[in-house]
Each structure stands twice: as structure tokens, then as C-alpha cells.
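Here the structure is laid out as C-alpha cells; the discussion comes afterwards.
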Amino acid sequence: MSHGPLLFKDIDAPGLTGIETYRKQGGYEALALVLGKKSPAECIDIVKASGLRGRGGAGFPAGLKWSFVPKDSPKPRYIVCNADESEPGTFKDRELMEKNPHLLIEGIILAGYAIGSKTGYIYLRGEFAYVQTIVDRAIAEARAAGLLGDDILGSGFGYQMHTHLGAGAYICGEETALLTSLEGYRGQPRLKPPFPAVEGLYACPTVVNNVETLMNVPHILKHGAQWYRQWGTEKSAGTKVLSVSGPVKRPGNYEIPLGLPLRTLIESPEYCGGMRDGLQVKAVIPGGSSVPMMPASQLDTPLDYESLNAVGTFLGSGGVIVIDDQTCVVDALWNMIRFYQHESCGKCTPCREGTYWMAEVLERIERGEGRETDIGLLEDVADNILGKSFCALGDAAAMPVQGAIKHFRDEFEYHVKHKRCLVNRRRQAVLEVTA
Amino acid sequence: MSHAPVMPLEAPATLEWPENVKAEVAEAISRYPVERSAVLPLLWIAQRTWGWVPPAALRLVARSLELPEPEVFGIATFYTMFNLRPVGRHHLQVCMTLSCSLMGSDRLFRHLEQKLGVGHGQTTPDGRFTLRRVECLAACGGGPCMQVGLDYHENLDEAKVDALLEKLK
């Protein structure tokens, strides 16, 4: 079902994981156009002008991030591709890498050229071992074709690339934890500043970019910044892959022009085709489980960075989780907070203890043992995590709690008062499994 | 990986890399300017070689990278995917996070528990299956999803799972 105008345009072409088919589609042409022909500074300027923002979750302008790498550093520089894709609701990078690995390789080489790096690592989450096989094969093909190695296409520019497999830890999607993990330690975050652009991998200047971000780069450098801006809005330029899950008719990855209304994505036959029979939308988590949910009344919000911020949530990683009207919000939230409790790395107290306590309180509300003070208690704990934890994982656990209570306080109150869900099609199975 | 031979729990006190993986170990180390970066790759090689990561393999990884043993123990316990106890021939990992849960993973997990007679983290007496609840596998659009060894199985229901188990001998 996945489709889209740019990254997903010809992604189902037979044989695209192989270098020949990729080249027939115009692959590696950007390398030939750029290496030795455009200066690294020009490349950074083009990516800046394109308006490309980080597609992993934070939405930071990609060109600007590249420009933070010190020009005069004598140390080696690294590109690290964040292919950890661990944000619940997000499954785009997996499909992108599985189907078009050479586009990622080309993007990393170009990013490396722009910042003066000679080595790149692709950090894949441990569950993606089979994706690693696909990417490794593509890297070997590119090397054999002289597109990786000491002197790419006679340009004098050389580049090496390796994949690196994680082993099951959500925190390793956080860029400093990812770098710590890649260095061979427990994947715990480190203080920023210094930011990775200045002191990243092995304390060397490092740019960490998401898979989707890097895959846009060859297209942008080949066709130009203005061409890329044919999609999206002034501040949210280009396309974004949204991974839609939950009980819609056709879940999947949809690459949309930024600014498309959420309602269109969910209801249009071109995309998800509406909800499964008998269900209505109750709430939508638009950007992966870390962002506050939106009620169905906000379905007309355009999917771009600014419009979602205006209604109190985020585009994040683009993991759109659709929650139906037969599902209990308390139960759904409890599920998410169990995730953060499990994944908290344990480094800082607000996150380690706070996620535990939020899960405890949510469980007792869901089991019908909630107290009148519990909703306030949840808000208080969330408030003591948000902005007070060492890294963004704590915020990611606190924001969904705040969002759910803000929009569905009546459901929490009903739960505490009546000792049961207002509605919940999954209650029995959930309570049995978590018993 | 599902079919990796499983070393019995009474593992030997010391292990060495078998001849046929020595080149792979050396190659993994050569990928990084700092040797200890190869700790996860080496733990993966150990798990592929012995089916799980016995204490002697942790010591072997430490020795190979000149790291203190407790550091490697600490790393191996931090990441969820290293099996520090033997697992069954087929490691059934059912995603329980929200998207899969909305599509019925809780019911599916109950079905597996009842069918196999084991709970989370347990292995069937014949050593065939280990059942485990896991967090998001990045297969949310294909929920409910289960990873068996390294293979993804998506859009599952009870009937599909039953058919799949039949094939996993």
C-alpha cells in the first residue's frame, strides 16, 4: 500500500536493492554531479535552502546541523546514520532500507562529502538483522563498483561505510546514547553540549542523521533546493513518510507532501481508506508514541511541523497511531507508559522512577482500583519528569500522559469513579496478559 | 538463528572462537578505530555460534577486546536481545506495544500461552519454543507482529500463528 511522490515513487521496482536497477533509476547520479564539482560548502547551502528537516523526530534543519561541524578540526569526522527506528508507531526506515538501500548509501556519501568525513556508520536496531544483510550486500556492491573506497569516480574523494547492529534498547535512538552504544558501552545518553557535531563519535565531530533525512539528500543535491520545495509548505518543506498503524482499513507507510490534512491521510481512499468497519476515530498520536495525542475533533489539522505544534503536539517521527472509539484511553496510555518504564535506561532519577510510578498509577486506575487523587498524582509525576530528566526519553514519557489527561480527563474521572472503563474492547485480554 | 544449536546450560568454563568464525571476529574488530566498539558485534557472533551467550562467551568477548569482564557482563545485560540463558529452537517474540495491542496482540499472546503451556520468558519442555513479550518491533502497520528468531511475521491472528507453529519443528 505504501506510496509517495519521491522516496516511495518507484520503491517497488523489481530488483531495486541491486545496484544495476538503482542506477537505471538515476541512482548515484548525484554523486557524479557533486563529488569534485560542487564544494562541500555549496552542498550544505543547497540542503539548507531546501528546508530539509530531520525526519527522525526532532525536526532540526539538516543543513544547519551539518554547518555546525567545525571547519578547522584536525580530528576525523563521522556520519552516523540513525537506523535505530525504535519509536513506537514508526516503521518507515525499515521499509526504505529494505527496498532501496543504495539511496541511503548515496545519501551518506554525500553528507560525508559535505562535512569532510571519510567514514560512515549505519546503526541499525538489533531486530533489523535481516535489514543489515540487505544493506551490507548493497555496500559491497557499491564498493565493487568504485562508489565506495579510496577514490570515488576519480574525484579524489574516498569514503568507507559500515553497518553496526544494536541489540534491543529504545534509548539508542537518542543520538548521544546511540554514539555511546556504537563506542561499545551500555547505551546511555550523555550531556549536550558538547553536541555531536563538535564532539560525537570517539569525541570527534559527528553528524547523526535519520535514514529518511539522508535519503532525501541525493534527490536534493541532484535536482536543487527549489525543486524539493515543490512539496510541502514554506516552513515544512518537502515530503514526509508517515507510518500509519491501528485499526484503519489500510495501514502502511505513506509519503505525503507536508501540510496534508490528517483527515485526508486517514479517510481518503488514496491513503488509509478510513477506519475498519464499526469503528470511529477517538484519538490520533501523530508523531510516534512520545508525542501528545490529539482528539478526533482536531482531525483537520494539517500534517506539518508548525500546524501540529499549534495544537499542542508534534510531527515527531511520523508514526501515526490511530486509536478507535472502542478503546479506553487509560488503557492505551498505560500500554505506552509500560513501554517507557521498560526502556528507561536508568541513568537519571526522574525518568527511572517517574516512568515506574506512572505505570503503577495507570495500572491501578485501569484495574478499577484508582483513587480520586490519582489523576492529579499522574499530572504531578509527569510535571516532575518533563524538562527535568537527563535526555528526551523522560519527556517522551511525560508528554503522552499530559496530552491524554488534557483531552480525555472525563475518561480518567469516569474510570476512578466507576472503577471500570467507559469503553474497552480489549480489556479482558490486556488484564490477563499483564496479570 | 532459530536453528542455531543450543549449548546446554552447564556450559564449559572457557570457550574459544571456533576456527570458522575467527575471520569474522577479526573483520568485525577492523571496522572501528577503537576496538571496544566491536563489543556488540562480538556478542552477536557469540550468540550465533552458541545459540545463547554463556558466561564463558562473555569472558571470551572481554578477552578478545581486552576489556574487564564485568564491563562486558554489564553491556550484555543492558541490551535485551542477548540471551544469557538458553532459549528454545524457535524464539517467539510477540510485540505488545500499542499499535500491535490495538490489533489484538494481547489475545494472540494469551492464545500462545495456552497453546504452548508456557508463559513469558519460558521454554517448552521439549526445547522447541521460547515465548516472550517484547516491545515495539517497528512493524506497527502489520500488527499483530511476532519475530521468530530474526524473521518478522506480520498481520497475525490465531489461525495464522497455529499454521506457523506447525512449520517450526
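Convention: sequence-line order gives letters A, B, ...; per-chain numbering from 1. Reckoned from all heavy atoms, side chains included, excluding hydrogens, waters and symmetry mates.
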* Under the 6.0 Å and 45° cation-pi test, does Arg36(B) pair with Tyr185(A)? -> yes
* To do: With a 4.5 Å cut-off on heavy-atom pairs, point out which of Gly346(A), Cys345(A), Gly246(A), Gly187(A) contacts chain B the most.
  => Gly187(A)
* Structure fact -> Counting heavy-atom pairs under 4.5 Å with chain A, the top scorer among Pro33(B), Gly104(B), Ala139(B) is Pro33(B)
* Pair Thr163(A), Gln132(A): side-chain N/O donor-acceptor within cut-off below 3.5 Å -> yes
* Structure fact -> Honestly, the part of Leu201(A) sitting under 4.5 Å from a heavy atom of chain B is neither
* To do: Name the option with the most non-hydrogen atom pairs under 4.5 Å to chain A; the candidates are Val39(B), Thr97(B), Leu40(B), Leu108(B).
  => Thr97(B)
* Asked: Between atom CG of Leu168(B) and atom NE2 of His153(B), what is the distance when rounded to the nearest 0.5 Å?
  -> 6.5 Å
* Can you say whether Tyr202(A) sits under 4.5 Å from chain B via the side chain, the backbone, both, or neither, judging by heavy atoms? -> side chain
* Measure distances from Tyr170(A) to the heavy atoms of chain B and classify the residue's part below 4.5 Å as side chain, backbone, both or neither. => neither
* Determine, for Tyr152(B) and Arg94(A), whether the Lys NZ or Arg CZ falls below 6.0 Å from the six-membered ring centre while staying within 45 degrees of the axis. => yes
* Asked: According to the interplanar angle, ranging from 0 to 90°, do the rings of Tyr32(B) and His162(A) count as parallel (below 30°), tilted (30 to 60°) or perpendicular (above 60°)?
  -> tilted
* Contact class of Val430(A) relative to chain B, heavy atoms under 4.5 angstrom -> both
* Structure fact -> Which of Tyr123(A), Tyr78(A), Phe128(A) passes ring-ring contact (aromatic ring centres under 6.0 Å, His included) with His164(A)? Answer is Tyr123(A)
* Structure fact -> So, the part of Ser105(B) with a heavy atom under 4.5 Å from chain A: the answer is neither
* Is the backbone N or O of Phe129(B) less than 3.5 Å from a side-chain atom of Thr124(B), with the two atoms forming a donor-acceptor pair by type? -> yes
* **Winner by heavy-atom pair count (cut-off under 4.5 Å) against chain B, out of Glu85(A), Lys92(A), Arg125(A)** => Arg125(A)
* Between Gln160(A) and chain B, which part of the residue has a heavy atom less than 4.5 Å away: side chain, backbone, both or neither? -> neither
* To do: Measure the CD-OG1 distance between Glu98(A) and Thr133(A) for me, rounded to the nearest 0.5 Å.
  => 11.0 Å
* Arg426(A) side chain to Ser101(B) side chain, donor-acceptor N/O pair below 3.5 angstrom -> yes
* To do: Measure distances from Val248(A) to the heavy atoms of chain B and classify the residue's part below 4.5 Å as side chain, backbone, both or neither.
  => neither
* Side chain, backbone, both or neither: which part of Thr119(A) has a heavy atom under 4.5 Å from chain B? -> neither
* To do: Find the one option among Thr434(A), Asp331(A), Ile321(A), Leu165(A) whose heavy-atom pairs under 4.5 Å with chain B are most numerous.
  => Leu165(A)
* Side chain, backbone, both or neither: which part of Glu27(B) has an atom under 4.5 Å from a heavy atom of chain A? -> neither
* **Cation-pi geometry met for Arg48(B) and Trp44(B) (6.0 Å, 45°)** => no
* **Nearest non-hydrogen partners of Ala46(B) and Ala57(B), listed with the distance** => CB-CB, 4.1 Å
* Quick one: which of His120(B), Glu113(B), Met96(B) has the most heavy-atom pairs under 4.5 Å with chain A, could you say? => Met96(B)
* Asked: What residue, out of Gly74(B), Ser37(B), Gly142(B), has the most heavy-atom pairs lying under 4.5 Å from chain A?
  -> Ser37(B)
* Structure fact -> Heaviest contributor of heavy-atom pairs below 4.5 Å to chain B, chosen from Ser86(A), Ala332(A), Ala167(A), Ser289(A), is Ala167(A)
